[in-house]
Amino acid sequence: MDIFNLTHSDPSIFFLTGIPGLEHFHNWISIPFAMGYIVILLGNFMVLFIVKQEQTLHTPMYLVLCVLAITDIITSTLVVPKALCIFWFKLKAITLPGCLTQMFFLNTTLIMQSAVLVIMAFDRYVAICNPLRYTTILTKSRIAKLGLVGLTRAVVLILPMPLILSRLPFCDNRTIPQTFCESIAVARLSCGDITINRVYGVVLMVLNMGLDQSLIALSYGLIIRAVLRISSRKTHQKALSTCTAHFCVLLLYCAPSLFSQMAHHFGKNIAPHVHILLANVYLLVPSMLNPIIYGVKTKELRDKVLQYLCKK
């Protein structure tokens with residue numbers, strides 16, 4: 001008890017509650033968290049392994065898919081192990097530097113995910129609208145450069161977030177009602193003015209989600225226009241089938257993300273545990289279903305996975 005009191009009195013220690021209001025169900029809630037994490041690791045590592053082993057899959061589309069798989073693994077690893085420690089062992093304490101570090105890497109990875117989705121949409125645009133120039137426009141080096149630009153943008157956009165938070169004075173209440181360190185949830189514990197944090201969060205949402213989703217919408221708008229101009233029904237169906245997996249993944253990432261962000265910033269009447277569950281769904285479910293969608297909808301990847309499993 002003395003150790004607990006000493007820890008609780010340390011101003012550099014915060015406490016993650018998990019899902020407030022559902023504490024009695026934490027053991028049950030941990031089951032889908034743990035199973036989902038296993039599926040995320042197995043599915044995404046399978047994608048990485050198959051693409052690495054098969055030379056025929058060393059194309060821009062699958063290289064971008066590998067980057068998305070890596071971001072999925074990082075995102076879930078930053079969230080799930082700590083959540084399971086809270087659910088199973090009541091290990092709720094986290095230091096302020098640890099909290100800011102988790103926040104920085106998690107948000108950087110999420111913005112990188114968004115950039116990857118833009119690259120995927122551009123890849124499908126070139127493949128359908130300029131198929132003869134596909135190999136010259138989307139080379140491996142160009143994909144690498146686009147990925148580096150996306151990573152640089154993510155770091156530049158997120159770096160101010162922990163710096164702004166670290167300068168805030170915090171009150172005696174250092175309990176974060178979340179399973180991970182969320183910027184606005186941490187900022188609300190401050191005794192100071194958090195207007196800058198709120199404004200920065202909205203600006204970040206507009207710059208990231210607004211810009212990226214506008215580019216994605218533009219790409220798919222041009223794709224749909226090009227497909228509608230195709231007279232051959234067979235070619236029409238083939239062109240649409242190449243976009244099916246990408247479009248499903250886009251909906252999987254963008255819809256929960258947009259709903260979660262809007263609910264967090266403007267949904268004051270929504271119960272806290274609903275906010276938290278939405279945030280975790282937004283982080284984990286797309287990462288879990290992404291390799292499944294590509295495994296089912298992408299014939300080349302599906303065939304290689306089945307071929308490898310049959311050999312084993």
Side-chain angles (χ1 to χ4, degrees), residues 14-23 25-26 28-37 39-40 71-87 92 94 98-114 117 154 157-158 161-162 165 174-189 194 197-198 200-206 208-210 212-213 249-290:
F14 288 80
F15 297 89
L16 293 163
T17 63
I19 304 178
L22 299 178
E23 288 86 356
F25 300 100
H26 275 182
W28 292 103
I29 294 171
S30 68
I31 296 174
F33 269 73
M35 293 182 66
Y37 186 50
V39 171
I40 289 169
T71 62
D72 286 338
I73 292 169
I74 294 173
T75 300
S76 58
T77 302
L78 287 168
V79 173
V80 178
K82 180 59 181 177
L84 293 179
C85 286
I86 296 169
F87 296 151
K92 301 180 179 182
I94 185 170
C99 192
L100 296 178
T101 300
Q102 184 197 46
M103 188 187 305
F104 171 76
F105 283 106
L106 180 59
N107 285 281
T108 299
T109 307
L110 291 176
I111 291 185
M112 184 62 190
Q113 271 183 353
S114 182
L117 294 177
L157 286 177
I158 294 302
M161 182 184 291
L165 278 171
R174 293 184 298 280
T175 302
I176 305 170
Q178 221 349 326
T179 57
F180 59 92
C181 289
E182 195 175 35
S183 60
I184 193 65
V186 177
R188 285 172 178 165
L189 302 179
I194 62 169
N197 302 79
R198 291 181 181 275
Y200 183 75
V202 174
V203 170
L204 188 63
M205 183 175 66
V206 172
N208 177 37
M209 295 180 62
D212 288 0
Q213 292 185 15
V249 170
L250 282 172
L251 287 178
L252 198 61
Y253 280 91
C254 295
S257 170
L258 181 61
F259 188 74
S260 176
Q261 292 290 334
M262 295 296 289
H264 194 79
H265 284 282
F266 306 109
K268 294 181 180 179
N269 296 324
I270 299 177
H273 67 271
V274 176
H275 277 292
I276 296 166
L277 289 172
L278 279 174
N280 283 280
V281 166
Y282 153 52
L283 291 176
L284 301 179
V285 172
S287 300
M288 182 175 62
L289 296 182
N290 171 38

Find out whether Leu22 and Trp28 are in side-chain contact, i.e. whether some heavy atom of one side chain is under 4.5 Å from a heavy atom of the other. no
Give the ring-plane orientation class for Phe87 versus Phe33, where under 30° counts as parallel, over 60° as perpendicular and anything between as tilted. perpendicular
Measure the shortest side-chain to side-chain distance between Phe180 and Lys82 over non-hydrogen atoms and say whether it is less than 4.5 angstrom. no
Rounded to the nearest 0.5 Å, what separates atom CG in Asn208 from atom CD in Gln213? 8.5 Å
Going by heavy atoms in the side chains, are Leu106 and Thr75 under 4.5 Å from each other? yes
Checking Arg174, Met103, Gln178 against Val186 for side-chain contact (heavy atoms from CB on, under 4.5 Å), the one that qualifies is Met103
Grab the two heavy atoms, one from Ile184 and one from Arg198, that are nearest each other, plus how far apart they are. CD1-CG, 3.9 Å
Between Ser183 and Asn107, does a side chain to side chain donor-acceptor pair (under 3.5 Å) hold up when you go through it step by step? CA-CA 9 Å; Ser183 60; Asn107 285 281; 5.5 Å; no
Taking side chain as C-beta onward, heavy atoms only, is Val80 less than 4.5 Å from Leu283? no
When rounded to the nearest 0.5 angstrom, what distance separates OG1 in Thr175 from CZ in Phe14? 10.0 Å
In the structure I gave you, are the side-chain heavy atoms of Gln113 and Ser287 within less than 4.5 Å of one another anywhere? yes
Are Glu182 and Ile176 packed together at the side-chain level, in the sense that at least one heavy-atom pair is separated by less than 4.5 angstrom? no
